[in-house]
Structures are given as structure tokens and as C-alpha cells.
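Encoded as C-alpha cells, the structure appears first; notes follow it.
What you see below is based on every heavy atom in this structure, not just the backbone, and it leaves out hydrogens, waters and symmetry mates. Note that the structure is predicted; figures quoted are calculated from it, not measured. In the text below, chain A, chain B and the rest are named by the order of the sequence lines, each starting its count at 1.
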Amino acid sequence: MSADDDGIPVPRSIANKAEFEPNAKPTVVLHPGKKRKRAPQQQITDAKHENTVGEDKTSLETRQLDSKKLRRPHGQSSLKATSNVAPTTPKPVKGLNAKREALFRFRKDLPIWPSADGIRQLLRSKNIMILVGETGSGKSTQVPQFLLHEAWCTGAIAITQPRRVAAISLARRVAEEMGSPLGSSSPASKVGYSVRFDNSVSANTRIKYLTEGMLLQEMLRDPSLSSYSTVIVDEVHERSVNVDLILGFLRNLLANGSSKRKGKPLKVVVMSATADVEALVNFFNAGFTKAEKSNPHAAPKSIAQDDDADTTAQELHADEVATCHIQGRLFPVKVVYLPAPTQDFVEAALKIIFQIHYKEPLPGDILVFLTGQDTVESLERLVNEYGDTLGPEVPKILALPLFAALPQAAQQKVFQPAPFKTRKVILSTNIAETSVTVPGVRYVIDSGKMKMKQFRSRLGLDSLLVKPVSKSSAIQRKGRAGREAAGICFRLYTEKDYQSLEQNSIPEILRCDLSDALLGMKARGVSNVLEFPFLNPPSREALEKALLQLLQLSALGDDGSISDVGLQMAKLPLNPALGRVIVEAAKVENDCLADVIDIVACLNVESIFINLMTEEKKEEAEEARRELFRRDGDHLTLLAAVRGYAAEQSDRKAWARKYFVSHRAMQNVMDIRKQLFQQCKQLKLLPESASLEVPATTYSEARNAAIIKSLLRGFATNTARLTPDGSYKTLIGNQTVAIHPSSVLFGRRVEAILFTEFVFTSKSYGRNVSAVRLGWIDEALANDHL
DNA sequence: CGCGTTCGG
């Protein structure tokens, strides 16, 4: 489950209703779900919130803004108010303007507000707090403000977020609430943020919102986090790899980092939207020495607001760790299950969409959770087909697809209010579960399925398969119907199926290639990664496979300690294989780093080539792109595209259109390219004089070979040779691998291939493929410890 | 034998 945008107001244009009464019951209703006891209170009566409405921390609107717009400074009125009010003062100080007063009333009305003193009290005696705050509790915006004026809080407060948009919009919101300018806009600013490509802080920043990845970067330079008094780790329930690494590093730091921090205390607040606090409490308690544990005065401390059954927090015997539970604020959502399982959730969804449409009054949009682009598009066609047959007496229906690969303009449509007498139906992947909040939704239809990636270390490939969701995902999806008013969630599975779902999704750290995580640990001084405190320890096999991979990339020495090359790799914002390619390209005998940087930048963004829907468009695109395509494969094709784009000085947008290349993706490539250039200079892989303006070089066979050989150094195991039956088989492991249809080599037969991605979907595919000589592979493999 | 759930440095 996930709490998003808590503490950020939602539109109040729709009247609150404590109970929801559908006009007629849909025929599929079998088991109406349990209703929540309390209806949310009215939060704000007459405040204007043009500025805050839609400032949802996860809205796409924010995401679309470029970094310059995101950094716009605040108005003078907020500046004036800065000095005369403490953020935690119970009453607003006289003379505040109406907007600030409204902001303050809003804060006071958040579910977390009454717990402010309790939280402060607990953190005076304890160094760790697990805070469960459900959606809408206000934890992400309020907790740092509660702690800011504590005596122990002499340094800054870091608060991590899994997503960049969230970090930025939360920082903006809190700056507004505190009457402080934001980030680097003024030296007086107390609130800032830090995300990749956009670091906005001042010398006086006290509260800093940052992505998990940025905090890990900071820990590379300063492992004891000496500038911070508190680290707040938000959205821990999402269990990203980075959050698990942060928790492990923080536990080590709390247990034995006191000397490194020169005795300055570090307080850690771990915030989660789901109530499985026990594992977290045990995790942190286990980090302490016996002496500390045997403190006879250490009694379990907890504050819980909850008046119903939720007493988990109080029952825990925490001696180092305080716990706190804050209820959320959501409208009641009724749950409706299917009476019998279905094989075809697209068909089932279609029926329910039109049942809702006929029986439920407007307004009230429908959000459907599906598995991927394919199911989204097929349901879209069906809805449009049926929608066209609706009589004039029935409101219209507007199907809107939503998935990450959808062009930005099409994604924006889900935020526009439905036209008059029209109901929106948003057909979405799990992007709408956490990353995007769609307004106006009162009905959710949950297929109960999602696509999930799982790395299989034995095969060295990622599989991307449709899996049942977890209960907490199902609950999160349901909650999307109750953000603005009471709603209904239709689950396209039976109640029995629901009961048999796993409570939580498998944490990412158990599903991914660990080489990146392990390299990061080695670079931060963890000598024995098998002993690292993982909240969920990965299998020994997965850990050993990753260590072997690092050894083979010579990121580690034979004794397992990090090598100079490994340190360079760890400092690059790339996975170890790509990092190794960079280091290899810088060698004098290859001397192709500028070229390889451009290729690697492309491999780090979603495809730069736009995916066309119709046959006609596809052919047109193929014709237009012919100029860029290279027979040697995708990597040199990507290089040609970057060079073409970079060389275009007048109208890059037009250039992108001409070649059916995504302009947004290319802008991203240019940012990454610039960053890699800078970092390679710092690592002395490039001379200071190296310029991003690469002169047009004539590409020789030798140069292409150097590029491909550099790639081979990172991806020697991702290689395959052509077999007599026309299929490709990997050199290591003899697995069948097909060239992905998006590749320029699709359908071609060459003696051997190299691929920088290896994914199983409907079968094993190599994506981003280049032709190589068998002899080169032998050479590369001979260099390795294989 | 024609294809990419979603984040992040």
C-alpha cells in the first residue's frame, strides 16, 4: 500500500458524502465489502486553493514541468511571513495573510497534527521511530516540521522519497507552509530538494527532500551523514532496493557510527503506509549491542490514535524503537467481488464499465487497473466500440489509456475534467497505483493482476510476467476510488481469491540483479556483503552470482575487495556492466569514450525511437529512419541518432519529428550525456579539455570495432552465436535467445550477437543488439574469470 | 512463431 500526497489538499468541489448509495446494484454484486467506520471531516471551509489543488505530489503535471519552472521562487508575501511564526505554534500569529492562515488551518486539521507533541516526546528519548501513517495522514509534510525546533535537531533534516516529482512537490508545499522561499531561489530558504539533474538547496536549508538514490550518493561522499540530525525515510512500504539499502546503512550507522559522527546524535524516522511495523522494529533492535538492550528502564513506548482494533503498535516490545500509528483519511469504498473467477478480465471489465455507466449517476469516473499496453489498448477498442452504440439518452463515455510509454500529451488527458454529460474511463497499468493520481475517480475496477519483473540469476535474465497482485496492492488500488468521495471497487476475482493473495508484494531486492547493490556496498566500506543487514536477505545464490559478476568485471579483486576500477564504476550513475563499458572505452587502445557515452546514455532512457501503432506509420518511420540505421546493430544506430540530434542546431524538435524519434527521450539523453561527461572528467577518464561538441568524425571499421569491443567487456555473458537452424544460442549456458523485433538486426543472421538487455516476456529476447565476431567474444571471455 | 509493469543515480 502507498500513501501518496498526504498533507496536500485534494479538490473540495465535490460534496462530501459519508455513505455512498448506488442507484441500483450491479448484477455481479455478491459480497459487498466492509465499510469504514468514520467519514472524513470537512477539511477546509472557504480557503482558496488554486495554488494547491492539483499539486498532488505525484501528479503528471508536475512531472512535465522542466527543472527551471520547478525552481521558480516564491512571492514576496511568503518571504515576509517567514520570521514571525514558528511552524509548530498552535495558533496562527496575527497579521498572516488569508492564504497562510488557510494553510495553517489545513495543517491543524490533518490527522497527524494532534500527535505532534507525542512524536517529539518519543524522539527525545529514542533514536528510532517507526511511524505508520496511512494515505492522507499528512506525515510527509508535517513530521519534518514537527522536529525542526527540537533541541537535538541542530543539523538538517533529510527526508527521502521514491520518486523525483514527490520530492520536488513536497518541498514546494512545505516551503509554502513555512513561509520560506524554496531551495536555491534565496539564501534565506529553509526548505530544499535534491533529485538527479536538479539540486535546489541554500546554505540555510534545514529540511531537504531527496530521492533515495540521491541520499545514497551523499553517503558515498559522507558515510556518516554528518550534516544531518535526522533522516526520515518515507514510503518504506514500497520497498525499493534503494530504501532497503538505506535502512541497512542507517542501522549500521546507528549501531556503531557514533564516533564517526563525533557524538552528534542521529535520529531516524521510518515512515510506512502499512502496519507491518514488527519486522522494522525487530530489524532496528537487532542492530544494537547487548549493553544498550539490557537497559532496565527501556519500556515499550507508543502512541496510537486509533480507537479501533489496531493495537499492533502498542503490543510491540520495542526498547530502542518508538512506534506511532496515524490513521489516514479516505472516504469509504465498497468492495464488490465477482461471484466466480474469470479467465478474461478484459471482457469482465468491459461488462462492469457499462453496468456502472448505466446505473450510476454522473459525476464519477472509472479507473481500471490492467496489466500492460496490450490489455489497455484492447479494452480501449472495446469500450469505444460499445460506446458508439449508446443511445442519446445515455451520457457519453470517454476511454483514456494510461501507461508510462504513452506520449506525454496523451497522458495529460486523464487530468482534464470530462466534457459535459460524459464519463471518463481511465484504462491504466499500475502507474496509477502509486505514480499518478487521477482526479475524479469514484469507481475502480481491479483486474487483480500486474506485470512484475524478476531477475533469474541462474539464467542471467529478467523475466517480465503477469502475476496476481498482493493484498496491499489491491487495497491501494481500491483506495483510488475514495479520494474525493465515497466510491466502489469492483474486483475481477472472487473474495476467496482475494483471501489467498500474499499480504505484500515481494520486495524488489529479492527480485533484482544484485550486482549494483553489492558494488554500492563495497564502495561504502561493507567488506562482507553476506553480513549486510538486509530487511529481507536475498538468497545466497543470488548474492554469489552478483559477486561473481563483479569479479568478472574486475570491479573486485580476487580477495573480494573493491578495485580501483570498481570504485570508478560505483561513482557512475550506471549499472556495473555499463560502468565497466565506460572504463573500458577510456583505455588508450580503445579511445572511444565520447562515442560510448552517447550510446550508454541512450541505453539509460526508454526507447528513443517512437513506437508506432499502425502498419502505415511503421513503414513511414522505417523509411525516415533509414539514414540513422546501421547494419552493425542497435548500438551504432543509437550513436548515429545522438550525433544527428546533437548536430542539429536550429530545430531539434523538428529533427526528432522527422526521424520519428522521441524528443523527450532525446532531451533526457542529452542530460545524461552531459552528466556522464562531467563525471568521467572527475574520474580522469576524460581530459579536462574534452568537449561535448564532438566534431563530425568519419567512422572507420576500427573505430566501430573499438566501440563494440568496449561493450563486450561489460556484456561478455550476453552473447550468442548463430546455430545451423537459424536460432541464436548463448555462448555461456547455451540458451536460446531471439533478437527483439524492435532491433535493427531483427530477422537478420550474423555469426554472433551481443545484447545489452536480456529479457523473457513471451520468450527470451535480446534487446539492443549488435553484430560481433565470434573471435572477439572468445577474446573477451578469455579476459574474464570464467 | 513481431514487442517494453513501474521507479531511480
Side-chain angles (χ1 to χ4, degrees), chain A residues 2 4 58 63 160-167 194-199 210-221 235 238-246 369-377 402-406 428-436 447 449-454 462-467 469 473 505 508 511-512 516-517 519-520 523 569-576 578-579 601 604-613 615 618 665 668 671-672 675-676 679 725-727 736 738-743 746-747 757 759-768:
Chain A
S2 156
D4 50 0
T58 53
R63 178 201 264 196
T160 67
Q161 293 295 319
R163 283 168 289 280
R164 305 175 52 182
V165 264
S194 176
V195 303
R196 189 179 189 182
F197 306 128
D198 193 359
N199 184 25
L210 30 59
T211 47
E212 293 155 358
M214 288 307 288
L215 187 70
L216 286 170
Q217 284 301 115
E218 291 191 7
M219 292 183 90
L220 208 50
R221 293 193 304 272
E235 312 286 26
E238 291 190 21
R239 293 297 304 277
S240 64
V241 174
N242 283 347
V243 104
D244 280 18
L245 295 179
I246 286 172
F369 284 101
L370 300 160
T371 53
Q373 185 176 347
D374 51 349
T375 49
V376 164
E377 284 169 353
L402 180 64
F403 47 90
L406 199 69
S428 176
T429 62
N430 46 15
I431 191 174
E433 209 176 295
T434 49
S435 304
V436 171
S447 66
K449 300 273 195 276
M450 70 195 304
K451 278 190 184 172
M452 225 184 20
K453 208 179 221 178
Q454 172 122 31
D462 271 315
S463 53
L464 183 61
L465 299 172
V466 174
K467 298 272 187 196
V469 298
S473 262
S505 312
E508 196 186 359
R511 298 187 284 112
C512 74
D516 203 2
L519 182 63
M569 288 160 58
K571 285 176 182 163
L572 292 166
L574 299 169
N575 68 39
L578 288 173
N604 270 275
V605 301
E606 74 283 29
S607 172
I608 63 167
F609 292 111
I610 290 164
N611 177 18
L612 285 316
M613 307 287 182
E615 276 311 311
K618 272 180 196 173
N668 211 343
D671 280 343
I672 296 173
Q675 190 184 36
L676 290 176
Q679 285 170 333
D725 66 7
S727 69
T736 304
I739 296 175
H740 194 273
S742 64
S743 172
F746 180 66
E757 249 180 273
V759 192
F760 182 94
T761 49
S762 50
K763 58 182 171 185
S764 292
Y765 283 111
R767 288 185 69 205
N768 291 316

Which of these nucleotides, [options], is closest to any side-chain atom of [X]?
{"X": "A/Lys618", "options": "B/dC3, B/dC7, B/dG4", "answer": "B/dC3"}
{"X": "A/Pro573", "options": "B/dC7, B/dG9, B/dG2", "answer": "B/dG9"}
{"X": "A/Asn430", "options": "B/dG2, B/dC3, B/dT6", "answer": "B/dT6"}
{"X": "A/His740", "options": "B/dG4, B/dG8, B/dT6", "answer": "B/dG4"}
{"X": "A/Phe746", "options": "B/dT6, B/dG2, B/dC3", "answer": "B/dG2"}

Going by salt bridge (charged side-chain N to carboxylate O under 4.0 Å, His left out), name the residues that satisfy it together with A/Arg511, two or more places apart in sequence or in a different chain.
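Here no residue qualifies.
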
Is [X] touching bases, backbone alone, or none of the nucleic acid, heavy atoms closer than 4.0 Å?
{"X": "A/Leu572", "result": "base"}
{"X": "A/Val759", "result": "nothing"}
{"X": "A/Asn611", "result": "base"}
{"X": "A/Arg767", "result": "base"}
{"X": "A/Lys449", "result": "nothing"}
{"X": "A/Met452", "result": "nothing"}
{"X": "A/Ser240", "result": "nothing"}
{"X": "A/Gln217", "result": "sugar-phosphate"}
{"X": "A/Asp516", "result": "base"}

For a quick test of reading the model: is some side-chain N or O of [X] closer than 4.0 Å to OP1 or OP2 of [N]?
{"X": "A/Ser762", "N": "B/dG2", "answer": "no"}
{"X": "A/Thr211", "N": "B/dG9", "answer": "yes"}
{"X": "A/Tyr765", "N": "B/dC3", "answer": "yes"}

Separation of atom [atom1] in [X] from atom [atom2] in [N], rounded to whole Å:
{"X": "A/Glu433", "N": "B/dT5", "atom1": "CD", "atom2": "C1'", "result": "10 Å"}
{"X": "A/Phe403", "N": "B/dT5", "atom1": "CZ", "atom2": "P", "result": "8 Å"}
{"X": "A/Leu519", "N": "B/dG8", "atom1": "CG", "atom2": "C1'", "result": "16 Å"}
{"X": "A/Leu464", "N": "B/dT5", "atom1": "CG", "atom2": "P", "result": "6 Å"}
{"X": "A/Ile610", "N": "B/dC3", "atom1": "CD1", "atom2": "P", "result": "21 Å"}
{"X": "A/Leu465", "N": "B/dG4", "atom1": "CG", "atom2": "C1'", "result": "13 Å"}
{"X": "A/Arg511", "N": "B/dT6", "atom1": "CZ", "atom2": "P", "result": "13 Å"}
{"X": "A/Arg221", "N": "B/dG9", "atom1": "CZ", "atom2": "P", "result": "13 Å"}

Can you see which heavy atom on A/Met569 is nearest to which on A/Leu519, and at what distance?
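It is CB-CD2, 3.9 Å.
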
Taking only residues two or more places apart in sequence or in another chain, which ones pass side-chain hydrogen bond (donor to acceptor under 3.5 Å, both in side chains) with A/Thr160?
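Residues passing side-chain hydrogen bond (donor to acceptor under 3.5 Å, both in side chains) with A/Thr160: none at all.
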
For A/Ser240 and A/Glu212, test the side chains for any donor-to-acceptor distance below 3.5 angstrom and give the result as yes or no.
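A pair is found: one side chain offers a donor N or O, the other an acceptor, under 3.5 Å apart.
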
As an exercise, state the distance from NZ of A/Lys451 to OG1 of A/Thr429, rounded to the nearest 0.5 Å.
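Answer rounded to 0.5 Å: 9.5 Å.
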
Quick one: pull up CG in A/Asn199 and CD in A/Gln217 and give me the separation to the nearest 0.5 Å.
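The CG atom of A/Asn199 sits 12.0 Å away from the CD atom of A/Gln217.
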
With DNA chain B as reference, determine whether A/Asn604 or A/Phe760 sits nearer its 5' end, using the nearest nucleotide of each.
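Residue closer to the 5' terminus by nearest nucleotide: A/Phe760.
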
